Amino acid sequence: MEMYRSHVMICRGTGCTSANSEQIAKNFEEEIKKHGLEKEVVVERTGCFGLCALGPIVIIYPEASFYSLVKPEDVEEIVKEHLVKGRVVKRLLYAESVEEDRIKSINEVDFYKKQVRVALRNCGIINPENIDEYIAFDGYKALAKVLTEMTPVQVIDTVKKSGLRGRGGAGFPTGMKWEFASKSHNEQKYVLCNADEGDPGAFMDRSVLEGDPHSVIEAMTIAGYAIGANQGYIYVRAEYPIAVKRLAIAISQAREYGLLGKGIMGTNFNFDLEVRLGAGAFVCGEETALIASIEGQRGMPRPRPPFPAVKGLFGKPTILNNVETYANICPIFLNGPEWFASMGTEKSKGTKVFALGGKINNTGLVEIPMGTTMREVIYEIGGGCPNGKKYKAAQTGGPSGGCIPASHLDVAIDYENLIALGSMMGSGGLIVMDEDNCMVDIARYFLDFTVDESCGKCTPCREGTKRMLEILERITEGKGEESDIEKLETLAKNIKNSALCGLGQTAPNPILSTLKYFRDEYEAHIRDKKCPAGVCQALLSYTVIDEKCKGCGICAKQCPVSCISGQPKTVYKINSDKCIKCGVCMTKCPFKAIEKK
Amino acid sequence: MSDIAFKEKMEKLEHILEEHKNKQGALMPILHETQELFGYLPEEAQKRISEVTLVPTAEIYGVATFYSRFTLKPRGKYTIGVCLGTACYVKDAQSIMDRLKDELKIKPGDSTDDGKFTLEATRCLGCCGLAPVIMINEDVYGKLAADDIPGILKKYE
């Protein structure tokens, strides 16, 4: 094996790739060659480092210098200074890592300091397209241990003891799921991986698949051994082309090494994997719908029982876990279930990956021990809301979840606590909203999503969510009535109790949770016909702030319906009867003299 | 598509069908590859898939219309997907969509007359760190403002 004095790690996750990181990698290779360093320095294309807001990111080891927002033209300087002369290029370092007298390594900066990376352990550290690098970081060691030293029962006991719960949404204990399937007697069983990450705002599964695909393959093989299955399917979104490509590479490399296929590692255990592409149906995140989709049918759920552990894919016993759940499996076998169970809270063990998005400074992926508070995640790791805006709420659990207002920021994150707040863990999307976001509009947005994605099989979801959306649309258009809130609550309760699958049962959550914490916003829309956040167009009017207007007349010239009148050097007026609320005047005014209320 | 080109593609479809013939649950992979081949799912292709797989055409049509990625209409050379996921939505993805509608003079779901662009509203693309985001075929553009749109479209002219 070649030894190098320096490793240049370049993120090739989706975020950084879209910001031209491949060109940066090529420039590095070229410059390194130019300086004759190709035997000393190696360029590695890795998975996501997490801090997507500052991409493209380049980390140079052994110093662990964290270069952010790198441009292809910066590469020449980094090579000349850092790699040839050993002088870190301070101006390109992540600003927070530069102190007066020293430079912090990445593990010391706020964004990473509180993180514990288990599921993301290899993301950003190895080249996901090279199986040898995965093996060098203890890859396939857990599988070797399982196949040569443990019985299937011991494997399941280990997973049970770790306390690992499903990371895809409901939090069902993983070991128990495996045990049910292992006790179903059948010659043919299946192991499935749900990589149809459909929750808007969640991208941890994508990052694991892009950054560390072998960890999922290895864990699925272990699951196959535990339940007695020899075939697995990974159901991945077609919207994730990089993940699909890396999975295909990883599977063929694993087959080549005898880590998938017949007689794995010289034992008599056979297991193989196939990738199946989703086709853009959110409901396929529900297990029975996902199974129907792999079978080649419309992705519609069916009533349970029978559970997939008894009757699943092609009618055979099946287990289905999501990507992040699988990513946690191998470390449990390498470090012991006690180690895993030592992290987290009483009922929620280990870590959880969150995708920070929306109005937060450090957008990206973070992995924290369960029990960390929401405040730590949003302020200490996420850096709070940008532009000095006031935090309003964080939405977790996507269209199935709810929001967490400022008054509950000190809650320790675990499955039970989030449910108690009226939200849920979900897959881990965490969207921060500030004072400029209208909570009624957010509820409307999620209902619009569920109405669109409802498969139409059961009436409560198909009809009920549509009715709720109509009411919300009415409210945001200023046509809300006093009885609307009550109607929403009744509908929500009925849908929750009667819908067939998780999608319908949780669809009312965004409404219930915004009603719980932001009822005043609903009331302002209904009674005063005002949108306090200034989002709902129909309830806004544009006015000129007299003191700020300099009488330049730009607004009047730009207005497409000529509803602004006035003489140069005097204060202009907007005729709100004619105004179409396009907002052009506000964006064009050089003195910020137009406001919407 | 000329008749000859279409015929050639129908021949290629035979290879796809041959490859998946003995697979369990082959319909989804077949439809994905057929769509990649033609750019959409033409009626003739659906009929041929039915003949070989013995899945009734009604069922194929049902599956093809259930999933949002499958389309029965020909698409433009470039499909522009505007992410309207939550993170993009709270960062005003609507203004990006509005600008694209203005520039291309089409509605989401439609294609330009010259067959160049198809505009779509998509679900979360999973690059929430870069919100608001659009995807043109497989290229992702992030941290957009409405004024960036004309410059991006120019690249595809």
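Here is how names work: the chains are called A, B, and so on, in the same order as the sequence lines, proteins then strands, and each is numbered from 1. Just so you know, these numbers come straight off a predicted model, no measurement behind them.
- B:Lys154 has no carboxylate O lying under 4.0 Å from a charged side-chain N of B:Glu157, or vice versa, which leaves the two without a salt bridge.
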Intermediate values then yes/no, side chain to side chain donor-acceptor pair (under 3.5 Å), B:Asp139 and B:Tyr156: CA-CA 11 Å; B:Asp139 298 332; B:Tyr156 293 86; 3.3 Å; yes
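- Of the two parts of A:Arg276, only the side chain, counted from C-beta on, holds a non-hydrogen atom closer than 4.5 Å to a non-hydrogen atom of chain B.
- Considering only heavy-atom pairs separated by less than 4.5 Å from chain A, the leading option among B:Pro132, B:Ala26, B:Gly85, B:Cys83 is B:Gly85.
- For B:Phe70, the CZ atom is densely surrounded, since the number of other residues' heavy atoms within 6.0 Å is greater than 12.
- Only the side chain of A:Val283 comes within less than 4.5 Å of a heavy atom of chain B; its backbone N, CA, C and O stay farther away.
- Proximity to chain B (any heavy atom under 4.5 Å) is shown, for A:Ser207, by neither the backbone nor the side chain.
- Interface residue A:Glu274: only side-chain heavy atoms are found under 4.5 Å from chain B.
- Contacts with chain A were tallied for B:Thr86, B:Leu31, B:Val133, B:Val140; B:Thr86 has the most, counting heavy-atom pairs under 4.5 Å.
- The greatest number of non-hydrogen atom pairs below 4.5 Å with chain B, out of A:Gly278, A:Gly398, A:Pro399, A:Cys48, is found for A:Gly278.
- Top candidate by heavy-atom pairs under 4.5 Å with chain A, chosen from B:Gln24, B:Lys91, B:Glu138, is B:Gln24.
- Using modelled atom types, one side-chain atom of A:Glu453 and one backbone atom of A:Phe282 make a donor-acceptor pair closer than 3.5 Å.
- The parts of A:Glu239 that come within reach of chain B are both its backbone and its side chain, each placing non-hydrogen atoms under 4.5 angstrom from that chain.
- Salt bridge status for B:Asp147 with B:Arg99: present, with a side-chain N to carboxylate O gap under 4.0 Å.
- Proximity to chain B is limited to the backbone of A:Asp199, based on heavy atoms less than 4.5 angstrom apart.
- Salt bridge absent: A:Arg12 and A:Glu210 never bring a charged side-chain N and a carboxylate O closer than 4.0 Å.
- Highest contact tally toward chain B, considering only A:Asn362, A:Thr17, A:Thr363, A:Ile360, is held by A:Thr363 [criterion: heavy-atom pairs under 4.5 Å].
- The residue among A:Asp434, A:Leu277, A:Ile294 with the most heavy atom pairs within less than 4.5 Å of chain B is A:Leu277.
- When the shell of 6.0 Å around CG of B:Asp114 is examined, it contains more than 12 heavy atoms from other residues, nucleotides or ligands.
- For the residue pair A:Ser513 / A:Ser423, no side-chain donor-acceptor distance below 3.5 Å is found, with atom types taken as modelled.
- Between A:Asp205 and A:Arg237, none of the side-chain N atoms (NZ, or NE/NH1/NH2) sits under 4.0 Å from a carboxylate O, so this pair counts as no salt bridge.
- At a 4.5 Å heavy-atom cutoff, the contact between A:Ile442 and chain B is made by side-chain atoms alone.
- Within a 6.0 Å radius of NZ in B:Lys7, other residues, nucleotides and ligands contribute 12 heavy atoms or fewer.
- Contact tally against chain B (heavy-atom pairs below 4.5 Å) for A:Gly357, A:Gly364, A:Gly299, A:Ala202: the top residue is A:Gly299.
- Residue with the most contacts toward chain B among A:Cys455, A:Pro241, A:Cys52, A:Ala355: A:Pro241 (heavy-atom pairs, distance under 4.5 Å).
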